[in-house]
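In what follows, a structure is listed as C-alpha cells, so that the remarks can point back to it.
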Amino acid sequence: MVEASLAEARANIYRFLAFLYHDEIPKALLEKLAGRPFQDSLGEFLNTCPLADLNPGIKKLGRYMQDRSPAEAYRDLSYEF
C-alpha cells in the first residue's frame, strides 16, 4: 500500500514538472513559485518527502526561484524566437 501511494505521489510530481517544462512558464506562475507560501511548502515537502531521488531537483527549483525575481526567471526561461 505504501509503495502505491509513493508511486502516485511521484506521478503527481512528474505531472507538475511536465506542465512546467511543456511550454513557457507563465509570469503569474513564476510569481507564485517565488512567493513565500510556495517556498515554505517546498521546504516542508523536502523535510518529509520519502522520494529521495526527487530531492536534488526540487532543491534546485527552490533555490533557482529564491535567487532571482520572477521577472528575471521569466526572462531566463523564455524562448527566443
Side-chain angles (χ1 to χ4, degrees):
M1 187 68 128
V2 171
E3 289 180 21
S5 64
L6 288 177
E8 185 177 333
R10 181 177 275 116
N12 287 335
I13 292 168
Y14 284 140
R15 270 190 226 104
F16 171 70
L17 294 173
F19 169 77
L20 285 181
Y21 298 117
H22 183 283
D23 203 358
E24 277 191 12
I25 302 173
K27 283 183 185 179
L29 179 57
L30 289 170
E31 289 170 0
K32 289 186 179 199
L33 292 176
R36 180 63 29 218
F38 179 78
Q39 290 295 321
D40 289 346
S41 64
L42 191 63
E44 182 180 323
F45 174 76
L46 286 169
N47 291 331
T48 60
C49 178
L51 307 172
D53 58 320
L54 296 178
N55 282 358
I58 293 170
K59 284 179 184 175
K60 286 181 184 180
L61 170 66
R63 274 195 307 264
Y64 183 85
M65 292 309 302
Q66 287 175 347
D67 292 346
R68 36 191 72 61
S69 71
E72 290 172 316
Y74 183 78
R75 186 185 62 243
D76 291 347
L77 299 174
S78 295
Y79 292 107
E80 292 185 24
F81 295 100

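- Not a single side-chain hydrogen bond (donor to acceptor under 3.5 Å, both in side chains) links Arg63 to another residue, sequence neighbours left out.
- Considering every non-hydrogen atom in both Leu42 and Gly62, the closest pair reads CD2-CA, 3.4 Å.
- Applying the side-chain hydrogen bond (donor to acceptor under 3.5 Å, both in side chains) criterion to Asp76, with sequence neighbours excluded, gives Tyr64, Arg68.
- Evaluation of the side chain to side chain contact (heavy atoms under 4.5 Å, CB included) rule for Asp40 yields Arg36 as partners, not counting sequence neighbours.
- For Tyr14, there are no side-chain hydrogen bond (donor to acceptor under 3.5 Å, both in side chains) partners, not counting sequence neighbours.
- Applying the salt bridge (Lys or Arg N to Asp or Glu O under 4.0 Å) test to residues at least two apart or on different chains, the pairs with a partner in residues 44-61 are Arg10-Asp53.
- Shown here for Ala52 and Pro56, the closest heavy-atom pair between the two residues is O-CD, 3.5 Å.
- Leu17 contributes atom CG, which lies 11.0 Å from atom CG of Asn12 (distance to the nearest 0.5 angstrom).
- The line from CD1 of Ile58 to CD1 of Ile13 is 4.5 Å long, rounded to the nearest 0.5 Å.
- Asn47 is linked by a side chain to side chain contact (heavy atoms under 4.5 Å, CB included) to nothing, counting only residues two or more places apart in sequence or in another chain.
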Please tabulate, for the side chains in residues 27-34, all donor-acceptor contacts under 3.5 angstrom to protein atoms that are two or more places apart in sequence or on a different chain.
none

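- A distance of 4.5 Å separates CD in Gln39 from CD in Gln66, rounded to the nearest 0.5 Å.
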